[in-house]
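Start at 1 with the first residue, then count along the sequence. Ligands are counted one by one from 1 in listed order, and the atoms in each one are counted from 1 as well.
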Amino acid sequence: MTETAGGRFGGRVAVVTGAGSGLGRAAARRLVDEGAEVLLLDRDVASVQEAASELAGASAYELDVSDARAVAATFDAIVERYGRIDALVNNAGVVGEQRPVHRTTDEMWSSVMRVNADGAFYVLRAALGVMVAAGSGSVVNMSSSSGLSGKPHLAPYGFSKAGIVGLTRTAAVEYAAANIRVNAVAPSAVRTPLVEAHIRAAPDPDAMERQMESQSPMPGMGTPEDVAAVIAFLLSDDAARITGLTVPVDGGYHAT
Ligand code: ADP
């Protein structure tokens, strides 16, 4: 629990996609700590149910964000039950297999795009519809330092996460007059299951870990909680005049 516990999101409804693991789960926990009723969405039903059982005031929904119809149906069900959505953490994502561009197959490309691009769009569209009807709302999309700088062997991921920056700016401008703010965070190497898998998949995992730990000016790697704190800030009224921004949470990596 933080100093601000029980405060900023009291009485608010928040939706977190990809909430079963890593950054999504940490963001959900932070929002619960700050008073929100949090709906946890993930295609991995076991992980999201486990996450919900840890958090008072959280409910789990099974959802594959790359299924446009399922996204619409889930948001309809949420609105029917809760009446509104005040905050969205649009986080569900995959990294995909790592290959040089010329060895990246159509299927590798599209499997990442279906989740990170199409899925992020379907979820954003559904949430914005609800927020427009309510006259307010706040969104944080999940970008990545791989969307702001080049990282080898991550072409589909980097493309999709750079796309999130553009989608965030576009939606921010479009919905500013509707009292809806749209921002993004761009974390670098944070110790999540996704990053652990990235390290394990490398030809030399130890070297990859050392390299990731030495990437940013600040030593070591960030934690999911570091990112969750920035997400909560951007979603909260403390960030009332911030929209369209992608905030690096990277120990200074983006400054290099
Ligand atoms: P991160 O480092 O972003 O936290 P994780 O792999 O730990 O990465 O978490 C990503 C979450 O997104 C996982 O819980 C995963 O099940 C979820 N996810 C991945 N693809 C989808 C999808 N198509 N629909 C919903 N959730 C998804």
Side-chain angles (χ1 to χ4, degrees), residues 15-31 38-55 58-75 77-78 88-98 107-127 140-147 151 154 156-158 160-161 164 184-201 208-209 212 221-232 246 248-250:
V15 170
V16 181
T17 68
S21 174
L23 300 176
R25 192 187 281 219
R29 190 179 302 120
R30 176 76 188 225
L31 294 172
V38 182
L39 313 182
L40 313 178
L41 281 44
D42 205 293
R43 75 174 167 196
D44 180 344
V45 69
S47 74
V48 82
Q49 279 173 350
E50 187 206 282
S53 71
E54 281 178 3
L55 302 171
S59 311
Y61 289 77
E62 181 177 7
L63 174 67
D64 179 348
V65 297
S66 68
D67 180 341
R69 277 197 205 175
V71 170
T74 300
F75 276 76
I78 288 170
L88 168 69
V89 183
N90 193 6
N91 161 73
V94 294
V95 172
E97 213 180 307
Q98 296 157 57
E107 177 45 36
M108 286 163 62
W109 179 266
S110 58
S111 66
V112 172
M113 233 45 77
R114 275 197 294 274
V115 181
N116 295 10
D118 301 356
F121 163 67
Y122 299 148
V123 168
L124 181 65
R125 177 174 64 183
V140 171
N141 293 318
M142 186 56 67
S143 181
S144 163
S145 57
S146 305
K151 300 267 178 65
L154 284 169
Y157 186 74
S160 67
K161 293 302 182 181
I164 291 293
V185 289
S188 65
V190 173
R191 262 188 203 282
T192 62
L194 208 70
V195 166
E196 299 282 359
H198 175 66
I199 291 171
R200 277 197 306 276
M208 172 62 86
E209 185 164 29
M212 290 183 91
M221 283 193 217
T223 65
E225 289 70 31
D226 294 331
V227 181
V230 179
I231 291 171
T246 297
V249 187
D250 63 0

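- Sorted by chain then number, the residues whose non-hydrogen atoms approach ligand 1 to under 4.0 Å are Gly18, Gly20, Ser21, Gly22, Leu23, Asp42, Arg43, Asp44, Leu63, Asp64, Val65, Ala92, Gly93, Val94, Val115, Thr192, Pro193, Leu194.
- Taking NZ of Lys151 as the start and CE of Met212 as the end, the distance is 7.0 Å to the nearest 0.5 Å.
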Are Val15 and Tyr61 close enough, and set up right, to give a side-chain contact (heavy atoms from CB on, under 4.5 Å), and what steps lead you there? CA-CA 10 Å; Val15 170; Tyr61 289 77; over 6 Å; no
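- Only one option out of Val227, Val185, Ile231 pairs with Leu23 in a side chain to side chain contact (heavy atoms under 4.5 Å, CB included); it is Val227.
- Thr17 contributes a side-chain N or O that, together with a main-chain N or O of Ala92, makes up a donor-acceptor pair within less than 3.5 Å.
- Inter-residue side-chain proximity for Phe121 and Val71 is flagged as unmet; no heavy-atom pair is nearer than 4.5 Å.
- Partners of Ala60 according to the side chain to side chain contact (heavy atoms under 4.5 Å, CB included) rule, which considers only residues two or more places apart in sequence or in another chain, are Val48, Gln49, Ala52.
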